[in-house]
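By convention here, the first residue in the shown sequence is residue 1.
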Amino acid sequence: MKRMLAINPNIWGDNMMTYAYPLSILSAYPSMTPWLMENYIIPFTFTPYQKVSELHIRMLYLDACCFAEDISLQQPVMHQDNYAQDSLSHKSIVDIIKRLIDKGKYAIVFSDDYYLPSSIFSGAKMHFLHETLFYGYDEKLQVFYAMGMNTRKKYGRIIHRFSEVETAFRKGDVCDHHGDIEWAREHRIIALSLDDYHGTYPFDPQRLAAGLEAFATGRISPRQRFLLNLDYRGDLCFGIDYYSFVADTVEQAEPQSFRYIHHLYEHANLLHERLNYTVNHENVHGSLIADFQRQLNRISIARAKTLKYTVVNPQKEKAQLIFKSESLELAASIREHADDMRRFAMKWIDSLCK
């Protein structure tokens, strides 16, 4: 017996799996495209009160919690069930995953990736309580079909044998390293399913305009701030202010500069996708496409330059010195890009509201 749920493995870029998973599910259903097009447009991060090795980069939906490390999915189109650790004792994780898939539910499972040969953390790398999205299985071949970070450090399809998944899940009971997912040991399985929705979700240009305004002004509603639960997390860098945060990071020639600029590049591609959609479906002038293409080209050049100096150059010490010498100019370019993005967003809003 073979069972497969719909999945889209070709979502954009180098993104964090906690929001890549829902996107892979939602974007596999054409009826949900309008909802996706009016959401997922506001980048943000926060500066933790306690020092950590890196900051988290996220995206925010207008009417939902972020797809973040706590995987809170309070949006109107997807349902979530958490399975507590004590309810899973003495049960076969393989059987649980298969039953969920049989019911049309996707299973996000936290297990020790050290024991999953197709995983990024497999073998001698490290023990890590990490999430995997299961969307299908083949009883004859005794394998699961899943989404995650593979051994090439790319997000995409992976295959795990039943026996590997059972072992990895049970070994996860004693795995101490689980990143920043504070409750991963308590809730080891999350089931995601789309609500019953017949027909196509109606696209609302006013909702997209509201999101663009929040992005351009850097203002967040009290409800969104409450849902993000930022009181203990730290200082918020939201919307266009996130661009300023990236510019400051580049100006200081931080080693993680490429990651942040890459996120701006991903965000630009998300906006470009939504712009194309509104040109085709709403009264938005096609000249906006050409205007935005210039912004996309600018951030693409910045991304390529930072990649050259901080990641792929074999002479890293020399490259870092060059990057430091050019970081002020690069930071100024990003700030100029931020101003242009703000003006462009307001122009786009005017078109949507006509």
Side-chain angles (χ1 to χ4, degrees), residues 1-11 16-33 35-36 39 61 64-111 113 116 118-119 129-149 155-162 164-166 168-170 172 181 183-199 201:
M1 178 180 177
K2 184 175 182 179
R3 182 70 188 274
M4 304 280 282
L5 301 179
I7 202 77
N8 174 21
N10 301 314
I11 61 174
M16 299 173 69
M17 284 181 292
T18 43
Y19 55 70
Y21 287 160
L23 281 180
S24 286
I25 297 170
L26 291 168
S27 60
Y29 295 87
S31 63
M32 299 312 305
T33 298
W35 185 84
L36 287 171
N39 279 288
Y61 280 79
C65 285
C66 58
F67 291 155
E69 276 63 28
D70 53 3
I71 318 186
S72 294
L73 305 174
Q74 299 181 9
Q75 69 272 17
V77 296
M78 185 175 285
H79 184 70
Q80 170 183 344
D81 292 313
N82 295 338
Y83 291 80
Q85 172 68 17
D86 55 8
S87 71
L88 304 173
S89 301
H90 310 297
K91 295 181 180 178
S92 167
I93 189 62
V94 170
D95 290 343
I96 292 174
I97 296 173
K98 288 194 295 183
R99 282 200 298 270
L100 288 174
I101 293 173
D102 287 343
K103 294 178 181 178
K105 297 183 178 183
Y106 300 79
I108 295 179
V109 179
F110 289 89
S111 56
D113 273 14
L116 297 175
S118 299
S119 165
L129 192 62
H130 203 241
E131 68 268 39
T132 301
L133 171 66
F134 293 90
Y135 65 90
Y137 67 90
D138 190 316
E139 193 73 52
K140 182 178 180 180
L141 298 178
Q142 295 282 288
V143 297
F144 281 117
Y145 300 99
M147 296 294 295
M149 297 294 282
Y155 176 77
R157 299 181 193 267
I158 50 180
I159 297 176
H160 295 312
R161 297 193 61 80
F162 287 171
E164 296 165 352
V165 172
E166 194 73 55
F169 185 80
R170 295 308 166 196
I181 309 175
W183 55 262
R185 190 172 309 289
E186 179 181 355
H187 296 290
R188 296 282 299 283
I189 299 179
I190 299 168
L192 300 180
S193 58
L194 295 180
D195 287 343
D196 291 335
Y197 191 87
H198 302 287
Y201 186 92

Heavy atoms of I101 and G136 approach each other most closely as CD1-N, 3.5 Å

Return the minimal non-hydrogen interatomic distance between M1 and D102, and the atom names on each side.
-> CE-OD1, 3.9 Å

Minimum heavy-atom distance G104-S193, with the two atoms named = O-CB, 4.2 Å

Residues V165, I93; criterion side chain to side chain contact (heavy atoms under 4.5 Å, CB included); working and verdict | CA-CA 8 Å; V165 172; I93 189 62; 4.3 Å; yes

Correct closest heavy-atom pair for H160 and A146 would be CD2-CB, 4.4 Å

Can Y135 and R157 be said to form a side chain to side chain donor-acceptor pair (under 3.5 Å), step by step?
-> CA-CA 10 Å; Y135 65 90; R157 299 181 193 267; 2.8 Å; yes

Is there side-chain contact between L26 and N8, with at least one heavy-atom pair below 4.5 Å?
-> no

R188 to F169 six-membered ring, cation-pi geometry met (6.0 Å, 45°) | yes

Looking at E139 and Q142, what are the two nearest heavy atoms and their distance?
-> O-NE2, 2.9 Å

Indicate yes or no: at least one non-hydrogen side-chain atom of F110 is less than 4.5 angstrom from one of H130.
-> no

Any chance you could measure S118, atom OG, to E164, atom CD, to the nearest 0.5 Å?
-> 6.5 Å

Interatomic distance, L5 atom CG to I25 atom CD1 [nearest 0.5 angstrom] = 8.5 Å

Would you give the length of the straight line joining atom CZ of F162 to atom CD1 of I97, rounded to the nearest 0.5 angstrom?
-> 9.0 Å

Show the numbers, then the answer: is there a ring-ring contact (aromatic ring centres under 6.0 Å, His included) between F134 and Y106?
-> CA-CA 6 Å; F134 293 90; Y106 300 79; over 10 Å; no

Heavy-atom nearest pair, L141 first then D138, reads N-OD1, 3.1 Å

Distance (rounded to the nearest 0.5 Å) between E166 CD and I96 CD1 | 8.5 Å

Do S27 and T33 come close enough that some side-chain heavy atom pair is under 4.5 Å?
-> no

Rounded to the nearest 0.5 Å, how far does OH of Y137 lie from CD1 of I159?
-> 16.0 Å

Do the charged groups of D81 and K105 touch, with an N to O distance under 4.0 Å?
-> yes

Drop me the distance from L133's CG to F144's CZ, to the nearest 0.5 angstrom.
-> 12.0 Å

Backbone N/O of I7 and side chain of S24: donor-acceptor pair under 3.5 Å | no

Any side-chain heavy-atom pair of S119 and T132 under 4.5 Å = no

Check the angle between the aromatic planes of Y21 and Y155 and answer parallel, tilted or perpendicular using the 30° and 60° thresholds.
-> tilted

